[in-house]
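Every value quoted in this text rests on a predicted model; they were computed, and no experiment measured them. In what follows, every heavy atom counts, from backbone to side chain, and hydrogens, waters and symmetry copies are set aside.
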There are 2 protein chains.
Amino acid sequence: MERGRGALGPALELVHTGRAPTRAVLTAELGVTRATAGAVAAELEALGLIRVDARPTAPAGSQGRPSHRLSVAPDGPVVLAAQIHADGYRAALVGLGGRVVATAPGCMTVPADPSHIIDAVVGAGAGLLRSSGRRCLGAGLAVPSAIAEPDGTALNPLHLSWPAGAPVHELFTEALAKCGVTGPTGAPVPGVTGNDVNLAALAEHRHGAGRGARHLLCVATGHRGVGGALVLDGRLHSGSSGLALEVGHLTVNPAGVPCHCGSRGCLDVETDPLAFLTAAGRTPGPEVSLLQQSRDLLRTEYADPSVRAAAELIVDRLGLGLAGLVNILNPDRILLGGLHRELLEADPERLRAVVADRSLWGRSGSVPILACTLDFNSLIGAAEAAWQPVLDDPLAALA
Amino acid sequence: MERGRGALGPALELVHTGRAPTRAVLTAELGVTRATAGAVAAELEALGLIRVDARPTAPAGSQGRPSHRLSVAPDGPVVLAAQIHADGYRAALVGLGGRVVATAPGCMTVPADPSHIIDAVVGAGAGLLRSSGRRCLGAGLAVPSAIAEPDGTALNPLHLSWPAGAPVHELFTEALAKCGVTGPTGAPVPGVTGNDVNLAALAEHRHGAGRGARHLLCVATGHRGVGGALVLDGRLHSGSSGLALEVGHLTVNPAGVPCHCGSRGCLDVETDPLAFLTAAGRTPGPEVSLLQQSRDLLRTEYADPSVRAAAELIVDRLGLGLAGLVNILNPDRILLGGLHRELLEADPERLRAVVADRSLWGRSGSVPILACTLDFNSLIGAAEAAWQPVLDDPLAALA
DNA sequence: CGTATTTTGTTTAGCGTCGGCACAAAGTCA
DNA sequence: TGACTTTGTGCCGACGCTAAACAAAATACG
């Protein structure tokens, strides 16, 4: 008599996100009886997804029977996570709980042809799978471009020198089949594809600085342009065709530089690494990434008045853009990544003040603005997206 | 053995929105067996919420056994709907299916003191309830101001000359108790309060031009300023504290007039009725509302070049604002109300072209932009919000 | 005109999931 | 050592559904 089938998914998600360290809190979080929570935990353990400690652990200074700790199975199944960025690609195996199980050395090839690069990164992931010998339940790919749904084409892979409309999802699926990345049924695992900032936001919500937020807004800039993402009640909001949160074309400087969108003074061109370097009077070199150059500048020469002034200028513009987003989305937390994160950490108060001042209700209850905390959050996010079917229905996903 | 308790709410919602005209389609829509759908329908009928026709109706040119029509119970329970606007207030009783059962004559008093007006409108509604003798299950109030959640205070009741922060929800709840608007338990019915544009969007989604949209964006202007609303998967998205979709401060004219928000050229001041009248070179008179004046001008003098030019100017700015929202929210449908609706109908192609041109992915797949179709949509929306608990769990709401 | 077909609705039996409850286990507190 | 607190399990029944057979009411067709 197997019990707790309906609660299986929610329960796994609670353990996955670390919100259910014991069966007792699982009981409370699920709102079921102890009997059900126990059965659910037993079934998840039988499925090889979670581990229930044999020995109970007594928390200091508490009475009652000590509870057995619940955790993600250390040798459980994994998903293949892949990321393509301006300078190369990266592949990894990620278990439940966002644990990186194995990583392929990050390759630094300029990703010219989409099909080659996707084959290469999936090949690297497949190699990790073979050498680790672990079961694979899914695969996710993060790409620095808007991905149209449901076709899965990359609409603006600007700094990848890919053709617009590249069929990323199709290529990824084919590569997974070609490289023999198969699931429990023997068929190739399903592949999910997404924008890197979107996936990073998902990862931060599950395992990083976004934990517990109901309406999480994420804004980041890595190379050129600015990306945004919104996680609502734990699910990525990607709009009706995957193109939501293209925040780069909010006007933040009416007298600013022209943007390819036809307007001028867009967030995209006014707050990215190039804008910062230019504002600081530096000419970017070709050797390292723009993000790296601006990060270095910010960290080593913040005392220089011109650098500081440039940072403040960018912060003010970013604040204006964030305020606009706050007026529209009313998030309960904002996370910043890439250069925006560095700018926040350089002067947290200035950015918060601008946002509070320029958003309509900022004074009454201002929004917490925090830095992303997860390393490789886009990669972890790709894994999260791949885990989603398992979290939604563990039994179906393992069948 | 009562069957179909869990599916009760979804089933009622399907009948409520007219998407389940017979038990057969109810079966299909719910994804359950005919047995369950039949039991659910029987139970809803027993609760007095829906009606199952005694005689079957045979659709022309179809074989098989003709089905019995499902409809909302004509003499079922109602909710009290109330609306306060710049020129007065309105009260009505609304049944399931958005049917207005009774209306109090719209009162045209300038609503100076919140407590008096709310007492008056609830009093009018209570009078309707007494004379109709129908059961009341809830009450909703639409207000032309952002309403902060969860406290229910009106943050910017600008054209009501109310104090900012007026405790609208509290006053509404008190008025309901004072006027003896009681539910099945004998206790005063719960009151829900919301922004008028938000509620209008909800109503349009359930019964109007928004039917079937998964991501519905609504933008409207009635008097001064511009309001927005977003309905996601059938639920109003009001942000983490009820303040989302304050779309009025998107920049649509960098060289425009200053706005009270500190910026200039905001949607709020560049596309409202006053902006249109001013652009057409007219000085607004005090006798009728700004909306009425601009509507009259648009309808009767559209041939006048200055009027037409003003309309096109406003349409271009509105298009810019909508394009910004499309980039951020990626809705699958846009609905316009108030003057914006009139402007759309005066020249649909121009607005659609501007939005397609200025939104990032507008060319590939442009968003349908339609006019609101429901009369008194804010009022109906207040009723919808009041019906929500019943739709979520009919048994609990009737207990 | 009668029979087959199609579609709708109902009845009955049964199963899976969960809650309720009693009981057991493993610690702290006095 | 015994009372208390908290965690975990076994058993039973209730509830909410599915499956499948049956019944009903129309059209289609020979």
Measure CG/B/L26 against P/C/dT7 and give the value in whole Å, please. 19 Å
Map B/R69 and A/G64 onto DNA chain C by nearest heavy atom, then report which one ends up closer to the 5' terminus. B/R69
Value in whole Å for how far the C1' atom of C/dG9 lies from CD of B/E43: 18 Å
On DNA chain C, does the nearest nucleotide to A/P66 precede the nearest nucleotide to A/G31 from the 5' side, or the other way round? Give the residue. A/G31
Mind checking B/T33 for me? I need base, sugar-phosphate or nothing, with any heavy atom below 4.0 Å counting as a touch. base
So, under a plain 3.5 Å distance rule, would you say the side chain of B/R34 forms a donor-acceptor pair with the base of C/dG9? yes
Using every non-hydrogen atom in the two residues, find where A/V78 and A/L129 come nearest and quote the distance to one decimal. CG2-CD2, 3.9 Å
Close side-chain approach of A/L30 to A/P10, heavy-atom, < 4.5 Å: yes
What's the NE2-C1' distance between B/H68 and C/dT7, to the nearest Å? 12 Å
Does B/S62 have a side-chain nitrogen or oxygen under 4.0 Å from the phosphate oxygens OP1 or OP2 of D/dA26? no
Rounded to whole angstrom units, what separation is found between the CZ atom of B/R55 and the P atom of D/dA24? 16 Å
Nearest-nucleotide 5' precedence on DNA chain D, A/R23 against A/Q63: A/Q63
If you define the side chain from C-beta out and look only at heavy atoms, does anything of B/R65 sit under 4.5 Å from B/P56? no
Specify the separation, in whole Å, of atom CG of A/D53 and atom P of D/dG8. 11 Å
If you go through the side-chain atoms of A/R65, does one of them form a donor-acceptor pair with the base of D/dT6 closer than 3.5 Å? no
Counting only side-chain N and O atoms of B/T36, is one of them less than 4.0 Å from OP1 or OP2 of D/dT18? yes
So if I take every side-chain heavy atom of A/P56 and compare against D/dA19, C/dG9, C/dG27, which nucleotide ends up nearest? C/dG27
Does the B/R34 side chain pair with the main chain of B/A24, one donor and one acceptor, at a distance under 3.5 Å? no
Output yes when a side-chain donor or acceptor of A/D332 lies under 3.5 Å from a complementary backbone atom of A/H215, and no otherwise. yes
